[in-house]
**Q** 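Below is one structure. I have some questions about it.
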Amino acid sequence: MLCIEYDGPHKNRITLTRGDSATLKLKLYDAQNKPVLLTEADRAVLTVKQDIDSPAAVLQLEAKEKQFDFTPADTADLACGQYCYDVQVTLSDTDVYTVIPPSDFILAKGVT
């Protein structure tokens, strides 16, 4: 199961059950609250690290058709617990935007 907190002290926190499939859709808006349409030349990447200061990512997904698709294999070998993630968009003109700042990524245990 994938759960995202949209408000409160843990805004943008993702909780995902280890080994689950999930889809996270990416919707971007500009400063005037108008939708931003990404082109095929633009790139959006979700990066998960052990903590914000870790040099290496434990998981990195590139958005396909404006969404991040988690497969069971993506998290099957990771330890359950708290990680840190962000989402960065690189536009075709090479401008870079961190559209989701560093936030909690909780990998939860499943019963089965």
**Q** So which atom in Leu107 and which in Ala79 form the shortest heavy-atom distance, rounded to 0.1 Å?
**A** CD2-O, 3.6 Å

**Q** Inspect the surroundings of CZ in Arg43 and state if more than 12 heavy atoms from other residues, nucleotides or ligands are less than 6.0 Å away.
**A**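 Atom CZ in Arg43 is not crowded, with 12 or fewer foreign heavy atoms closer than 6.0 Å.
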
**Q** Taking all heavy atoms of Pro72 and all of Gly19, pick out the closest pair and write down the distance.
**A**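 The answer is CB-O, 3.1 Å.
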
**Q** Just verifying a value: how many Å separate Leu46 CG and Leu59 CG, rounded to the nearest 0.5 Å?
**A** 7.0 Å

**Q** Using the rule that Ile, Leu, Val, Met, Phe, Trp and Tyr join whenever any side-chain heavy atoms are under 4.5 Å apart, tell me whether Leu24 and Val36 fall into a single cluster.
**A**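 In one cluster with Leu24: Val36, yes.
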
**Q** Under the 3.5 angstrom rule, does the side chain of Ser103 hit a backbone N or O of Pro101 as a donor-acceptor pair?
**A**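 Yes; at least one donor-acceptor contact below 3.5 Å.
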
**Q** Are the side chains of Tyr83 and Asp51 in contact, using a 4.5 Å heavy-atom criterion?
**A**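 No. Closest side-chain heavy atoms not under 4.5 Å.
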
**Q** Side-chain contact test, heavy atoms from C-beta onward, threshold under 4.5 Å: evaluate it for Cys80 versus Arg18 and give yes or no.
**A** yes

**Q** Could you see if Tyr6 belongs to whatever hydrophobic cluster contains Leu2? Use Ile, Leu, Val, Met, Phe, Trp, Tyr and a side-chain cutoff under 4.5 Å.
**A**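 Same hydrophobic cluster.
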
**Q** OH/Tyr97 to OG1/Thr90 distance, rounded to the nearest 0.5 angstrom?
**A**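 Rounded to the nearest 0.5 Å, the OH-OG1 separation comes out at 10.5 Å.
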
**Q** Do you know the tightest heavy-atom contact between Ala41 and Ser92?
**A** CB-CB, 3.5 Å

**Q** Closest approach of Thr17 and Thr75, non-hydrogen atoms and distance?
**A**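 Answer, listing the atom of Thr17 first, then Thr75: O-OG1, 4.4 Å.
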
**Q** Tell me, yes or no, whether the heavy-atom count around Asp7 atom CG, taken from other residues, nucleotides or ligands under 6.0 Å, exceeds 12.
**A** no

**Q** Could you measure the distance from the CG atom of Asp42 to the NZ atom of Lys66? Nearest 0.5 Å is fine.
**A** 10.0 Å

**Q** Applying side-chain contact (heavy atoms from CB on, under 4.5 Å) between Tyr85 and each of Asp104, Leu61, Asn12, report the one that passes.
**A** Asn12

**Q** Quick one: pull up CG in Leu91 and OG1 in Thr39 and give me the separation to the nearest 0.5 Å.
**A** 7.5 Å

**Q** Could you go through the side chain to side chain contact (heavy atoms under 4.5 Å, CB included) check for Leu16 and Met1 one step at a time?
**A** CA-CA 6 Å; Leu16 176 65; Met1 179 174 81; over 6 Å; no

**Q** Taking atom CG of Asp86 and atom NZ of Lys49, what is their separation to the nearest 0.5 Å?
**A**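 Atom-to-atom, Asp86:CG and Lys49:NZ are 8.0 Å apart.
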
**Q** CZ/Phe68 to CD/Glu62 distance, rounded to the nearest 0.5 angstrom?
**A** 8.5 Å

**Q** Are Ile14 and Ile106 close enough that some pair of their side-chain heavy atoms sits under 4.5 Å apart?
**A**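 Contact flag for Ile14/Ile106 side chains = no.
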
**Q** Checking side chain to side chain contact (heavy atoms under 4.5 Å, CB included) for the pair Val87/Val45: CA distance, chi angles, key distance, verdict?
**A** CA-CA 6 Å; Val87 174; Val45 177; over 6 Å; no

**Q** My understanding is that only residues two or more places apart in sequence, or in another chain, count here; which of them pass side chain to side chain donor-acceptor pair (under 3.5 Å) with Gln67?
**A** Asp69

**Q** Determine whether Phe70 and Thr23 satisfy the following criterion, side chain to side chain contact (heavy atoms under 4.5 Å, CB included), listing intermediate values before the conclusion.
**A** CA-CA 6 Å; Phe70 292 88; Thr23 297; over 6 Å; no

